[in-house]
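In this text, all values refer to a predicted model and were calculated from it rather than measured experimentally.
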Amino acid sequence: MLSQAAKPYIDASVPVLRQHGLAITTLFYKNMFESHPELKNLFNMGNQANGSQQQSLAAAVFAYAANIENSAALAPVIERIVHKHVSVGIKAEHYPIVGSHLIGAIKGVLGDAATPELLAAWEEAYGLLADALIDAEEKLYQQNNQQPDEWIKVKVLEKQHLSEDVVTFTLQGVNGFTLPKFKPGQYISVAVHIETLNLRQIRQYSLSDVNKDNTYRITVKREKGDEYKPRGNVSNWLHQHVRVGSVVDISYPCGNFTPDVSAEQPIGLISAGVGITPMISIVKAISKNNSTRKVLFAHAARSRANIAHLDEVQQAKRELNQLETVFFLNESKKQFTDEQEGRMDLSAHISADFKNGIYYICGPQSFMDDQRDALLALGVAPDMIHREVFGPESLNHII
């Protein structure tokens, strides 16, 4: 617990961080990478290049300061961070490095306003957070029966093109290694060496099938990039270089986006674009284990042809007595009764039963924010709404 001596300084930091947070995190990353260039291998350098990671960290630091005694608000975010850290191999010795450069960046940006008392308060606050993360990550490493930064070598058994920009890879452990079981909705990290950057880069991909045949399946969309987002270094590398027989490094399964597939409570699975991938694993698991459950499967895409794994959704619909599918499409030919044209609007699909249901959302950040707001407006309880976040997070819901 934060000391009473430190609390007033953290409270006073809230408006300062709102104003100067981005400058602090930008300086933080600059100085840390200059002192420890090896850490670039742990960070998404595409997000560094476009500034989204700096903005996300600024939001996280501000959210931590604003909610430092509101554990209920911080707990889901911290749990998500713990899984992400374990999936990339964060170790306890990384935390002093981060702490030193974060405090140094606060001092560097605030100058004389960063009094010794303020800096001491932030050292205390960061230490509490670091200890909590280190403890939780150690428990997750033990739960997974793995060592920090331990990777599994897998061979590609099958590469299937679902469209020009979406492929699936079916993976199997090399030398007879038995792949750990995973929960529907979890992901693995894939680590590759990007020659053009001379860096190892790590990305997370949801497991897009259920446990079977000692294999994993991931579905990878090639991110071509545009004026709003960077080209995906890892997704393009996987598309171009990985073939049947290729060997790559993956992490143990991680992630807390994991509904209880055996529960009776109605469940809504809401996704957009490649955010459909964890939903495929979840809906297939429900169809195999809980065929009478009420399920709403809502997905947004450019067209029906752009819906990955559509055939598997339709198969689940044949197996689930109470599965409702609805697809919101930019380009709809209106040939199917489960299609609607335009932006997702679930108001006509949230029945009285579903207002007491549980919801899982995956897609672009703005999509997830919009759907969360819409569900709240329809009367769904905030703690019944869960989101999967792979990239930088806005944290708009707690700041």
Side-chain angles (χ1 to χ4, degrees), residues 157-158 160-163 166-170 181-187 205-219 221 257-341 344-346 348-354 356-363 371 386 388:
L157 290 183
E158 182 180 351
Q160 179 182 4
H161 288 264
L162 302 186
S163 68
V166 179
V167 299
T168 65
F169 297 98
T170 301
K181 297 294 185 182
F182 62 91
K183 297 177 181 178
Q186 286 195 306
Y187 59 81
Y205 295 101
S206 293
L207 292 155
S208 59
D209 206 345
V210 291
N211 285 291
K212 63 179 184 181
D213 304 327
N214 191 31
T215 60
Y216 291 163
R217 186 180 73 179
I218 58 173
T219 304
K221 178 185 177 183
F257 190 73
T258 52
D260 179 357
V261 297
S262 65
E264 295 302 318
Q265 182 182 26
I267 184 170
L269 306 176
I270 302 169
S271 58
V274 78
I276 199 172
T277 52
M279 307 310 187
I280 298 299
S281 177
I282 293 167
V283 77
K284 290 180 74 171
I286 294 173
S287 71
K288 292 180 181 301
N289 298 283
N290 195 1
S291 62
T292 61
R293 189 173 188 178
K294 291 183 178 180
V295 181
L296 172 64
F297 193 103
H299 182 68
R302 187 167 71 247
S303 69
R304 200 172 186 91
N306 291 106
I307 302 173
H309 302 293
L310 178 60
D311 58 331
E312 295 175 58
V313 179
Q314 301 296 3
Q315 177 62 36
K317 194 170 184 178
R318 290 188 285 271
E319 297 170 353
L320 279 167
N321 300 329
Q322 300 189 78
L323 169 61
E324 177 188 358
T325 59
V326 57
F327 301 105
F328 295 84
L329 308 176
N330 295 339
E331 305 165 6
S332 174
K333 296 180 180 179
K334 299 183 179 178
Q335 295 177 324
F336 299 89
T337 57
D338 59 1
E339 285 186 13
Q340 295 187 31
E341 192 166 12
M344 183 176 287
D345 179 0
L346 296 177
H349 302 273
I350 306 298
S351 63
D353 284 345
F354 272 95
N356 296 316
I358 190 165
Y359 291 84
Y360 289 78
I361 312 174
C362 188
Q371 296 310 313
H386 305 273
E388 181 63 291

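Taking 4.5 Å as the limit, some side-chain heavy atom of Leu320 sits within range of a side-chain heavy atom of Val283. Proximity of Pro259 to Ile282: side-chain heavy atoms (C-beta onward) are separated by under 4.5 Å at one or more points. Side-chain contact between Gln340 and His349: present, with at least one pair of heavy atoms (C-beta onward) separated by less than 4.5 Å. Side-chain atoms of Tyr360 and Ile267, non-hydrogen and from C-beta on, do get closer than 4.5 Å to each other. Taking the side chain as every heavy atom from C-beta outward, Ile350 and Tyr359 approach each other to under 4.5 Å. For the pair Asp209 and Lys284, the minimum side-chain heavy-atom distance is below 4.5 Å. Side-chain contact between Ser262 and Asn289 is absent, with no heavy atoms from C-beta onward closer than 4.5 Å. Looking at Ser208 and Arg217, their side chains come closer than 4.5 Å, going by heavy atoms from C-beta outward.
Taking all atoms of both residues into account, the shortest heavy-atom contact from Met279 to Phe257 is CE-CZ, 3.8 Å. Counting all heavy atoms, side chain and backbone alike, Thr219 lies closest to Val274 at O-CG2, 4.3 Å. Scanning both residues, Asn290 and Ala263, for their nearest heavy atoms gives ND2-O, 2.6 Å. Between Leu162 and Ala308 the shortest heavy-atom distance is CD1-CB, 4.0 Å. Smallest separation of non-hydrogen atoms from Val210 and Ser281: CG1-O, 3.7 Å.
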>> Between Glu331 and Arg302, is the side-chain contact (heavy atoms from CB on, under 4.5 Å) condition met? List the steps.
In response: CA-CA 6 Å; Glu331 305 165 6; Arg302 187 167 71 247; 3.6 Å; yes
>> Walk me through whether Lys288 and Val261 qualify under side-chain contact (heavy atoms from CB on, under 4.5 Å).
In response: CA-CA 9 Å; Lys288 292 180 181 301; Val261 297; over 6 Å; no
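For the atom pair CG (Leu329) and CE (Met344), the distance works out to 9.5 Å, reported to the nearest 0.5 Å. Note that OG1 of Thr170 and CG of Asp213 are 9.5 Å apart. Values are rounded to the nearest 0.5 Å. Annotation: the span from Thr168 atom OG1 to Ile218 atom CD1 amounts to 9.0 Å, rounded to 0.5 Å. Taken from NZ in Lys183 to CG in Asn211, the straight-line distance is 11.5 Å, to the nearest 0.5 Å. We find the CG-CD distance between Asp345 and Gln371 to be 8.5 Å, quoted to the nearest 0.5 Å. Atoms CD1 and OG, on Ile307 and Ser271 in that order, are 9.0 Å from each other to the nearest 0.5 Å.
Formation of a donor-acceptor pair under 3.5 Å by the Glu339 side chain with backbone atoms of Phe336 is not found in this model. Panel note: side chain Gln322, backbone Thr292; a donor-acceptor pair is recorded below 3.5 Å. Side-chain atoms of Gln265 come within 3.5 Å of backbone N or O of Asn356 as a donor-acceptor pair.
Heavy-atom contacts from other residues, nucleotides or ligands closer than 6.0 Å to NZ of Lys317 number more than 12.
Tyr216 has its ring centre less than 6.0 Å from the ring centre of Phe182.
Using a 30° and 60° split on the angle between ring planes, His299 and Phe327 fall in the perpendicular class, above 60°.
Between Arg304 and Asp338, at least one side-chain N (NZ, or NE/NH1/NH2) sits under 4.0 Å from a carboxylate O, which counts as a salt bridge.
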